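Working notes, structure below.
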Amino acid sequence: MAKITSGDNHFVESRNGAIPKLDPPDSTLLCELCWILEFPQPQSIVQAWSTILENHCHQTLDTQASLASQMLISQASDSLDARYSHQLRVSRLVQLGRWLPPHLLEEIQVEGKLLIRLDQSKDQLNWRLTIGCSLSGKWILHWGVSYVGDTGSEWDQPPKDMWPHGSIPIKDYAIETPFKKLSKDDTFHEVKIDFNPSSAIEAIHFILKDEETGASYQHKGRDFRVSLVNYLEDDGNMIQAKSSFGKWPDAVEQLPNMVLKAEASCDSKNENRRLEGFYEEQLIVKEVSVGNMVNVAIRKFPDAANIVLHLETDIPGDVVVHWGVCRDDAKTWEIPAVPYPPETTVFRNKALRTLLQPTGNGSRALFTLDEKLDGFLFVLKLDANSWVNFQGNDFYIPLSSARSVKGQSDNESEETSGKAHTDGIINEIRNLVSGLNSEKSLQTKVKEAKESILNEIEKLAAEAYSIFRSSTPSYPEEDSDADDAEPTINISSGTGSGFEILCQGFNWESNKSGRWYMELKEKASEISSLGFTVIWLPPPTESVSPEGYMPKDLYNLNSRYGTINELKDLVKSLHGVGLKVLGDVVLNHRCAHYQNQNGVWNIFGGRLNWDDRAVVGDDPHFQGRGNKSSGDNFHAAPNIDHSQDFVRKDLIEWLCWLREEIGYDGWRLDFVRGFWGGYVKDYLDASEPYFAVGEYWDSLSYTYGEMDHNQDAHRQRIVDWINATNGTAGAFDVTTKGILHSALERREYWRLSDQKGKPPGVVGWWPSRAVTFIENHDTGSTQGHWRFPGGKEMQGYAYILTHPGTPAVFYDHIVSHHRSEIGALISLRNRNKIHCRSIVEIVKAERDVYAATIDDRVAMKIGPGYYEPPSGPQRWSLALEGYDYKVWEASS
């Protein structure tokens, strides 16, 4: 049955999966989260608490939790002196996570229909494939094509003239197109694909994806396939013309209840194909999570010897708490001393059972416990056969953090109290974060619970940061030079030092010379002189594709870019001019050396001679014997099963070998959508990179073909992946790139401010983990899958090179006429010590202009509209100016 948790393991599990779980973060998470919040420094703990309640509770807390916490604070203020009142406020904040609602999940199934129709366009020249879905949700069509004469099961990207509005490329093998509603209030969604019947396209392949849950829907375990010729053999996954037309639903019509069948022609392959229209319905089932909550809160009044624990749930019916206490980490159950709550009985002299008392929305009980106890243990009994526990274990609520500090002088007490409460908050954040991600959550996600946990973490971090800042000693003015001091930021694989500027050191054509390593070596000093600190090199391994993204033998580093010795020589030269070097590693998939008995390429050679157990088991193209994929499958090569111990061990050894043998300082991680971020954490913990960034790429949100202003769902998915890595890696800020496209192309600069007046991409939520960019080898170069608006590149660079995050510059732009302007912007960024956590204040976001100040040192504007920084105590001087952009510096 379903399980819930509280205490140290805020982990939610259902029949079909679990909310993910992270390993505990280090204490630097506190400062990191405070940078995210851009929280004002409060004058006191009381002010911090009031600010949190005023600004956040109504948005993020469960209503009962918010009211209860305010009630407790009010009672404490009335009954305790000021010092203890402060302590209780912080203690209450520490314990606020106990009110966080872990969910008791049940999965219900909602049935709907997938409707596929092929018919001729009104002009009688082209044909149209329409795919509709009757279920509510944010649906994405992940699709591609195959051509006449193709062998194998790989997809190709459709030609550009087939792309519906709002489509984005997925590598070079597919695109993703958002479904559109027929009307604003309708649940029916559809995608229309127009094509010329005389083209060489043989079939259209697709998978339906639910953006809200991350689930994918296939046809009988395989991709849907719609044949555009009449000689293909039906291999079980074909949707084909066999009937006259059915009725297509609109906003007011009922869905047809009958599946219509028809006949296919039998023309030979050599005859001209004759398309026949058809209409078909497929049953689709969506799993929806519904849940209950259990809330636990504890409090301690300093002058009392007892701790009060409040347990409440909205589980319907009679709920019995089977409980006890423990005195040490062994968590051995004991029966505590009286008093007990009403309706409590002793169970076999080993535990107590308390019937929760009914309330308007569930039931609850209050437990009075001795302060010397270490923890509270419990499970819930719903009926004779139904129990709620934590993964087969007891719930454990630690009681130590509710104890007060006594018997000290005022100064000693304040210092010790601040440290104790800050440590308590750190532990509480660890408890909360542990509920966010785990390998078992890969099938089920509960977005509301995860967001609630993150909101609580933000509040706890803000309070801890206020304690930290208020306790920091001040020094005489003559001994301080705070304005010129760089922020103290620890080196971590997710952020580096915080001042990185990344250069992508190749494009899609760089492999063609066969000596790219040597060519780049000649440019090392020039790249360094522009102000870059990190350079990203292309994939180094032997590869089926010359660009390196279809790796084969991972230990063979003789590639189309050069030999292993040339690579070592290049890395040494780059280090010599002060550049850190990122290797581009493809961990999601690998091309096989041999075929299995069925003729499928899934047996590997070389030093890592894996068999088909290393291939995920849910990709029918490659018939792996591994477990189900932990992400989205890449259809062009076998997807590696990272849940296998031998796979992770081998990949960790390989990454460590690259660090030692080649001298890489970090990683660019390809196609991280394909596997769980928790595995990335394992790889980064072992290889200890200076800097790491993942490519998490998917569709932005569109309505009726227009990009939505609110892209929170899109950036949330990227942030979720970063969270899954425990913050050990950053991610490319695809959200910001997409929004810049629309803002600049359509003269809609208002898009560059979200609903809260913050940057609308990942950089607005987690700037230290956002790697901003406007172009790369996929989107630009000769591929041009999602090219930045022409002539507006410098507006894009004026934005990312003045804003927080870690900016990345594309090689093609460095060697173009933009070189000097980019160099000037980099120089300005370094001169003003702008870093990944710099503070942005958006001062204007209108139709034709966007303007902002950064760290009160730099002002900038992009767009044709007017903006000049206001005159006043702070004087501004124009530093840079170009086509539709300006940048100013504050004068000293």
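The analysis underlying the following values was restricted to heavy atoms, covering all of them including side chains, and did not include hydrogens, waters or symmetry mates. None of the values given here were measured: they were computed from a predicted structure.
If you take CD1 on Ile140 and SG on Cys133, they are separated by 12.0 Å, rounding to the nearest 0.5 Å. Between atom CZ of residue Phe788 and atom CG of residue Leu740 there is a gap of 5.0 Å, rounded to the nearest 0.5 Å. Note that CG of Asp584 is 4.5 Å distant from CZ of Arg668, once rounded to the nearest 0.5 Å. Asp670 contributes atom CG, which lies 11.5 Å from atom CH2 of Trp697 (distance to the nearest 0.5 angstrom). To the nearest 0.5 angstrom, Asn602 atom CG is 4.0 Å from Asn596 atom CG.
Taking the ring centroids of Tyr549 and His777, they lie under the 6.0 Å cut-off. Less than 6.0 angstrom separates the ring centroid of His142 from the ring centroid of Trp155.
A salt bridge does not link Lys737 with Asp733: every distance from a Lys NZ or Arg NE/NH1/NH2 to an Asp or Glu carboxylate oxygen is 4.0 Å or more. Ion pairing between Arg673 and Asp698 fails under the 4.0 Å rule for side-chain N and carboxylate O.
Between the side chain of Asp618 and the backbone N or O of Lys628 there is no donor-acceptor pair closer than 3.5 Å. Ser781 places no side-chain N or O within 3.5 Å of a backbone atom of Gln783 that could act as its donor or acceptor partner.
Residues Pro807 and Thr772 are in side-chain contact: their nearest non-hydrogen atoms beyond the backbone lie under 4.5 Å apart. The side-chain heavy atoms of Trp610 and Asp650, taken from C-beta on, include a pair separated by under 4.5 Å.
Remark: the Gln711 side chain and the Thr735 side chain contain no N/O donor-acceptor pair separated by less than 3.5 Å.
Using bins of under 30°, 30° to 60° and over 60° for the plane-to-plane angle, the ring pair Tyr696/Trp721 lands in the tilted bin. Relative orientation of the Tyr683 and Phe675 rings is tilted, given thresholds of 30° and 60° on the angle between their planes.
Crowding of Lys649 atom NZ: a count of heavy atoms from other residues, nucleotides or ligands under 6.0 Å not exceeding 12.
Under the ring pair (Phe, Tyr, Trp, His ring centres under 6.0 Å) test applied with Trp536, the options Phe732, Phe773, Tyr811 reduce to a single match, Phe732.
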